[in-house]
Amino acid sequence: QVQLVESGGGSVQAGGSLRLSCTVSGNTYRANCIGWFRQVPGKEREGVAAIHTDSAYPYYIDSLKGRFTISQDNAKNNVYLQMNSLGPQDSAMYFCAADRQSSCRMWLSGHPSTRSGYWGQGTQVTVSS
């Protein structure tokens with residue numbers, strides 16, 4: 001099993017920034033992709049960003065590239081999501097997930113019904129206008 005715990009969510013005004021953290025523990029060898037996903041009520045969970053834990057190569061959903069940055073610490077126990085220039089459309093529950101995949105990009109952008117992995121409980125981000 002892989003355990004993931006998110007933190008860093010909260011309320012911020014439009015234009016502000018937040019940094020989310022995902023602490024990863026357990027059998028971390030089971031995962032080579034760690035990603036951030038978000039979901040609003042009534043909508044499907046969508047990918048935000050992912051990182052390949054071996055190479056630290058980042059992947060982003062195109063619409064978010066430039067505002068969001070994913071990174072990991074050297075020990076690979078923590079993955080961060082720096083979010084800048086936030087707008088109300090970024091309000092959502094943000095989830096951290098981990099899985100072993102041949103393509104972190106495909107895992108990130110794939111349909112939610114086909115997306116496997118270990119998941120955290122989520123952290124709420126609310127952006128007010």
Original post:
Is the backbone N or O of His111 less than 3.5 Å from a side-chain atom of Thr114, with the two atoms forming a donor-acceptor pair by type?
Top reply: yes
Original post:
What heavy-atom pair brings Ser91 and Val127 nearest, and what distance separates the two atoms?
Top reply: OG-N, 2.8 Å
Subject >> For Tyr118, ring pair (Phe, Tyr, Trp, His ring centres under 6.0 Å) partners two or more places apart >> reply: none
Subject >> Polar side-chain atom of Thr123 near backbone of Gly9 as donor-acceptor pair, under 3.5 Å >> reply: yes
Original post:
Hey, mind stepping through Val2 and Val24 against side-chain contact (heavy atoms from CB on, under 4.5 Å) and telling me if it holds?
Top reply: CA-CA 7 Å; Val2 179; Val24 187; 3.7 Å; yes
Subject >> Test item: Gln101 and Ser116 side chains (from C-beta on) under 4.5 Å apart, heavy atoms >> reply: yes
**OP:** Any chance you could measure Gln3, atom CD, to Cys96, atom SG, to the nearest 0.5 Å?
**Re:** 12.0 Å
Subject >> Least distance between heavy atoms, Ala50 atom then Cys104 atom >> reply: CB-O, 4.4 Å
Subject >> Smallest separation among heavy atoms of Gly10 and Leu18, with atom names >> reply: O-CD1, 4.0 Å
**OP:** Hey, could you give me the OH/SG distance between Tyr59 and Cys33, rounded to the nearest 0.5 Å?
**Re:** 7.0 Å
Subject >> Flag side-chain contact, heavy atom, 4.5 Å: Asn84 against Phe68 >> reply: no
Subject >> Side-chain (Trp36) to main-chain (Leu20) donor-acceptor, under 3.5 angstrom >> reply: no
Subject >> Rounded distance (nearest 0.5 Å) linking atom CD1 of Ile34 with atom CG of Leu108 >> reply: 13.0 Å
Original post:
Any donor-acceptor pair under 3.5 Å linking the side chain of Glu6 with the backbone of Gln121?
Top reply: yes
Subject >> Inter-residue atom distance Arg45.CZ - Phe95.CZ, 0.5 Å rounding >> reply: 4.0 Å
Original post:
Hey, what do you get for SG (Cys22) to OH (Tyr94), rounding to the nearest 0.5 Å?
Top reply: 15.0 Å
Subject >> Tyr60 backbone acceptor or donor facing Arg105 side chain under 3.5 Å >> reply: no
Original post:
Is it true that a side-chain atom of Gln72 and a backbone atom of Val79 form a donor plus acceptor pair closer than 3.5 Å?
Top reply: no
Original post:
Between Asp99 and Arg115, is the closest basic N to carboxylate O distance under 4.0 Å?
Top reply: no
**OP:** Calculate, to the nearest 0.5 Å, the distance between atoms CG and CE belonging to Leu64 and Met83 respectively.
**Re:** 10.0 Å
Original post:
For Gly87 and Arg67, which heavy atoms make the closest approach, and how far apart are they?
Top reply: N-NH1, 4.4 Å
Subject >> Test item: Arg30 and Arg100 side chains (from C-beta on) under 4.5 Å apart, heavy atoms >> reply: no
Original post:
Is it true that the side chains of Ser21 and Asn78 contain a donor and an acceptor less than 3.5 Å apart?
Top reply: no
Original post:
Any side-chain donor-acceptor pair under 3.5 Å between Thr53 and Asn32?
Top reply: no
Subject >> Arg38 side chain reached by Leu81 side chain, heavy atoms, under 4.5 Å >> reply: no
Subject >> Nearest heavy-atom neighbours spanning Asp90 and Ser85 >> reply: OD2-O, 4.3 Å
Subject >> Note, Val12 side chain near Leu86 side chain (heavy atom, < 4.5 Å) >> reply: yes
**OP:** Please answer: with hydrophobic residues joined when any side-chain heavy atoms are less than 4.5 Å apart, are Ile61 and Trp107 in the same cluster?
**Re:** yes
